[in-house]
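Residue numbers count from 1 along this sequence.
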Amino acid sequence: MNDLTTAPVIYPNEPQARHDFAKELLQRYNDLRRWAADNWPNNAQPLSASDFIASERELLLLVGARLHSGGDASRPGAAQYRDSVPMPWP
């Protein structure tokens, strides 16, 4: 297991490395979900997809917000929001 205090790896093509990492992370998570459902020892209360909603949401937030940050917001002193046009009320 890697120590979190080691120096970060510098990737020559960082956007592609981020994409590849996110893709592999989500694939491994889905593999873990399948394994957990297949090997769950309590047959009276089997695992279902709804048991993983919170962890999946957190993982997607991590992958989306932290891994694919827009670049501008990651610089110190940059705006912490993005301009958008809200949808009108129905």
Side-chain angles (χ1 to χ4, degrees):
M1 197 140 300
N2 292 340
D3 183 7
L4 294 177
T5 61
T6 59
V9 177
I10 298 174
Y11 295 97
N13 186 354
E14 190 173 331
Q16 184 62 42
R18 289 178 179 190
H19 174 76
D20 293 345
F21 180 85
K23 184 177 177 182
E24 184 174 349
L25 181 64
L26 293 174
Q27 178 60 44
R28 287 180 181 220
Y29 173 74
N30 288 328
D31 291 344
L32 176 65
R33 281 179 53 178
R34 279 191 292 281
W35 176 86
D38 292 345
N39 294 290
W40 184 249
N42 187 353
N43 291 333
Q45 294 177 330
L47 291 176
S48 68
S50 64
D51 294 318
F52 297 95
I53 290 173
S55 61
E56 183 174 6
R57 182 184 61 228
E58 292 296 323
L59 185 63
L60 291 174
L61 285 172
L62 173 71
V63 170
R66 293 195 56 192
L67 194 57
H68 292 107
S69 63
D72 293 334
S74 62
R75 288 184 294 125
Q80 296 181 0
Y81 59 88
R82 293 185 183 173
D83 290 333
S84 65
V85 178
M87 294 293 295
W89 285 92

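- Rounding to the nearest 0.5 Å places CD of Glu58 at 10.5 Å from OH of Tyr29.
- The CZ atom of Arg33 sits 12.0 Å away from the CG atom of Asp38 when rounded to the nearest 0.5 Å.
- Between atom CH2 of residue Trp40 and atom CG of residue Leu47 there is a gap of 4.5 Å, rounded to the nearest 0.5 Å.
- Note that CG of Asn30 and CD of Glu56 are 7.0 Å apart. Values are rounded to the nearest 0.5 Å.
- Other members of the cluster containing Trp35 are Leu32, with ILVMFWY side chains joined at under 4.5 Å, either directly or via other members.
- Gln45 CD: 12 or fewer foreign heavy atoms inside a 6.0 Å radius.
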Pair Arg34-Asp31, salt bridge (charged side-chain N to carboxylate O under 4.0 Å, His left out): steps then yes or no: CA-CA 5 Å; Arg34 279 191 292 281; Asp31 291 344; 2.4 Å; yes
Determine, stepwise, if the pair Arg28 / Glu24 fulfils side-chain contact (heavy atoms from CB on, under 4.5 Å). CA-CA 6 Å; Arg28 287 180 181 220; Glu24 184 174 349; 2.7 Å; yes
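- Contact of the Pro15 side chain with the Asn13 side chain is registered, since non-hydrogen atoms from C-beta on lie closer than 4.5 Å.
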For Leu60 and Leu26, what are the C-alpha separation, side-chain angles and deciding distance, and is it a side-chain contact (heavy atoms from CB on, under 4.5 Å)? CA-CA 8 Å; Leu60 291 174; Leu26 293 174; 3.8 Å; yes
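- Annotation for Asp51 and Pro46: closest pair OD2-O, 4.1 Å, computed over non-hydrogen atoms.
- The closest side-chain heavy-atom distance from Arg18 to Glu14 is below 4.5 Å.
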